[in-house]
Colleague: 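Let me begin by handing over the structure; questions about it come next.
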Amino acid sequence: MTTALQLDNRHIVLGLTGGVACYKAAVLARALVKSGATVQVVMTEAAERFVTAVTMQALSGRPVYTSQWDAREANNMAHINLTRAADALVIAPASADFIAKLANGLSDELLSLLCLARPIGRCPLLVAPAMNREMWLHPATQRNIARIRADGAQVLGPADGDQACGESGDGRMLEASELCDEVVAALQPKPLRGRRVLVTAGPTFEAIDPVRGITNLSSGKMGFALARAAQEAGAEVTLVVGPVSLPTPRHVRRVDVASARQMHDVVLPLAAAHDVFVATAAVADWRPASYAQRKIKKDGSHSAPAIELAENPDILAAVARLPKPPFCVGFAAETDDLARNARAKLERKNVPLIVGNIGPATFGRDDNALLLVDARGERQVPAADKLTLARELVREIAARLEAQP
Ligand code: C5P
């Protein structure tokens, strides 16, 4: 199964202003196109000092606009025409000077003119600052940033790190892949705006001795996709994860744990302050009853050591038992009889929604198929990549939250 193109049928106007980070804008143009978007590049005169329109045309597959007086437009109104079909207007890099122009509504060349002329209600303006750290920290820049935010612009970054000038600090433009993710996120619906979502993901690791343990094949991918989808839907997201090495979705707070008991001890105090709890983690049901401080050695007797097991706390059931529980969603990874097993789990754990899936068919993979089971019935969500499924599940959760008294 191929992963859905994240920007299919989207049209992005990508504006470049003067700055070394223009080289990253070339990569961004490519990333946006690879994600399925059509990209119209607009460059200021200063931007053309850093990369050429030829490069940007080749990467975007469209002639670049650099002048308000471009005679290719029949009505000679490039500043109007270019934004009318746009789903988003992305300024990357945005120089300090250009941000100052945006803050004041100045519009003496094509790019600033089209920012002002865009349909403000349906074409979001995403601004990725790139400048020296002193310029970024200057009160004038900070004032201008606050002003463009108040006017509805979304400011992406900047990041902290090494700068082309040799200094280090805030002001680096985000990387192209990060910006591409930000564009994808900005275009998602926001049914979880103002909500707080807690997610568990991955396997747990139950130590036997300092070098061995009991774990399972959960990759964490579904939980990470859910955290990303919930964040994109406007929620504030905390992700509590067992040992996995997946990158943290943007703007998601991550807490790493190893064992089921550690996961329990992190989740329980947090849960009551959340609107939603989604337990995707494959929590080990049992742990070794005792932990050997030193590696257990073969003693030549050829008799294997017996490992006694103790039951782990059920995190989901414990959260569902809280006096004011968040809306709880459990996962059921089964090998057979999905509907019956999922419904049994719904009742046993006393949660309003269980998401069933066939464990061996999904562990480690990028796709899955889900069966949503609640008190009213069942709904099959057909096979798709995990991010698509996560967005669907987020829609289902948001609808149930809305319907709550
Ligand atoms: O009981 P079982 O492991 O089959 O239930 C799976 C669901 O319960 C998943 O949502 C899983 O994250 C959650 N769970 C948990 N704590 C456990 C065991 C499972 O939160 N100890």
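Both ligands and their constituent atoms are indexed starting at 1 by order of listing. From a predicted model like this one, the values you see are computed outputs, not experimental measurements. The residues of the chain are indexed from 1 along the displayed sequence.
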Colleague: N/O to N/O below 3.5 Å, does that happen between Val283 and ligand 1?
Modeller: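 No; the residue has no nitrogen or oxygen that sits under 3.5 Å from a nitrogen or oxygen of the ligand.
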Colleague: With the threshold set at under 4.0 angstrom, would you say Lys349 reaches ligand 1 through any of its heavy atoms?
Modeller: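 Yes, Lys349 has a heavy atom closer than 4.0 Å to ligand 1.
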Colleague: Take Gln6 and Val183 through the test side-chain contact (heavy atoms from CB on, under 4.5 Å) and record every step on the way to the result.
Modeller: CA-CA 10 Å; Gln6 299 299 318; Val183 175; over 6 Å; no
Colleague: For Leu14 and Ser60: C-alpha separation, side-chain torsions, deciding distance, then whether side-chain contact (heavy atoms from CB on, under 4.5 Å) applies.
Modeller: CA-CA 10 Å; Leu14 174 60; Ser60 64; over 6 Å; no
Colleague: Considering only non-hydrogen protein atoms, determine which one is nearest to atom 6 (C) of ligand 1 and report residue, atom name and distance to 0.1 Å.
Modeller: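 Among all protein heavy atoms, the one nearest atom 6 (C) of ligand 1 is Phe331 O, 3.0 Å.
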Colleague: Can you confirm whether the side chains of Asp97 and Ser95 place a donor and an acceptor under 3.5 Å from each other?
Modeller: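 Distance-only check fails for Asp97 and Ser95.
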Colleague: Against ligand 1, does Ala332 come closer than 4.0 Å with any heavy atom?
Modeller: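 Ala332 does not count as a contact of ligand 1 under the 4.0 Å cut-off.
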Colleague: With only distance considered, is Gly330 within less than 3.5 Å of ligand 1 through an N or O on each side?
Modeller: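 So ligand 1 has no N or O lying under 3.5 Å from an N or O of Gly330.
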Colleague: When you measure from atom 20 (O) of ligand 1 to every protein heavy atom, which one gives the shortest distance, and what is it?
Modeller: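 Sorting protein heavy atoms by distance from atom 20 (O) of ligand 1 puts Leu316 N, 2.9 Å first.
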Colleague: Apply the side chain to side chain donor-acceptor pair (under 3.5 Å) test between His251 and each candidate in Arg228, Glu182, Glu232; give the one that qualifies.
Modeller: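 For His251, the side chain to side chain donor-acceptor pair (under 3.5 Å) check succeeds only for Glu182.
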Colleague: Between ligand 1 and Asp314, can you find any atom pair, the residue atom being a heavy atom, that is separated by under 4.0 Å?
Modeller: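 Yes, that is the case, since the closest heavy atom of the residue is under 4.0 Å from the ligand.
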Colleague: If I apply the N/O under 3.5 Å rule, does Ala281 come out as touching ligand 1?
Modeller: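 N/O-N/O distance under 3.5 Å: yes.
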Colleague: For side-chain contact (heavy atoms from CB on, under 4.5 Å), just list the numbers for Leu114 and Arg118, CA-CA rounded to whole Å, side-chain angles, deciding distance to a tenth of an Å, and then say yes or no.
Modeller: CA-CA 6 Å; Leu114 66 84; Arg118 83 185 201 283; over 6 Å; no
Colleague: Name the closest protein heavy atom to atom 4 (O) of ligand 1, giving the residue it belongs to and the distance to 0.1 Å.
Modeller: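 Its nearest protein heavy-atom neighbour is Lys345 NZ, 2.3 Å.
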Colleague: Below 4.0 Å from ligand 1: does a non-hydrogen atom of Ala260 turn up there or not?
Modeller: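 No, Ala260 has no heavy atoms under 4.0 Å from ligand 1.
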Colleague: Any nitrogen or oxygen of Pro313 lying under 3.5 Å from a nitrogen or oxygen in ligand 1? Just yes or no.
Modeller: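 There is such a contact, yes.
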Colleague: Answer yes if the side chains of Glu73 and His79 hold a donor-acceptor pair under 3.5 Å, and no otherwise.
Modeller: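 Not at all, the side chains of Glu73 and His79 share no donor-acceptor pair under 3.5 Å.
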Colleague: Any idea which protein heavy atom is nearest atom 16 (N) of ligand 1, and the distance to it?
Modeller: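 Result: Ile315 N, 2.9 Å.
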Colleague: State whether the number of non-hydrogen atoms from other residues, nucleotides or ligands found under 6.0 Å of Arg30 atom CZ is greater than 12.
Modeller: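 Open: at most 12 neighbouring heavy atoms sit under 6.0 Å from CZ of Arg30.
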Colleague: Which residue holds the protein heavy atom closest to atom 10 (O) of ligand 1, what is that atom called, and what is the gap in Å?
Modeller: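 The closest heavy atom on the protein side is Ala279 O, 2.6 Å.
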Colleague: Atom 3 (O) of ligand 1: which protein heavy atom is closest, and how many Å away?
Modeller: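 Nearest protein contact, heavy atoms only, for atom 3 (O) of ligand 1 is Asp285 OD1, 3.9 Å.
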Colleague: Any side chain to side chain donor-acceptor pair (under 3.5 Å) involving residues 127-146? Give me the pairs, sequence neighbours left out, ordered by first then second residue.
Modeller: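 Non-adjacent pairs meeting side chain to side chain donor-acceptor pair (under 3.5 Å): Asn132-Glu167, Arg133-Glu167.
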Colleague: Mark yes or no: Arg72 above the aromatic ring of Tyr65, with NZ or CZ under 6.0 Å from the six-membered ring centre and no more than 45 degrees from the axis.
Modeller: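 Positive - Arg72 is close enough to the ring of Tyr65 and near enough to its axis.
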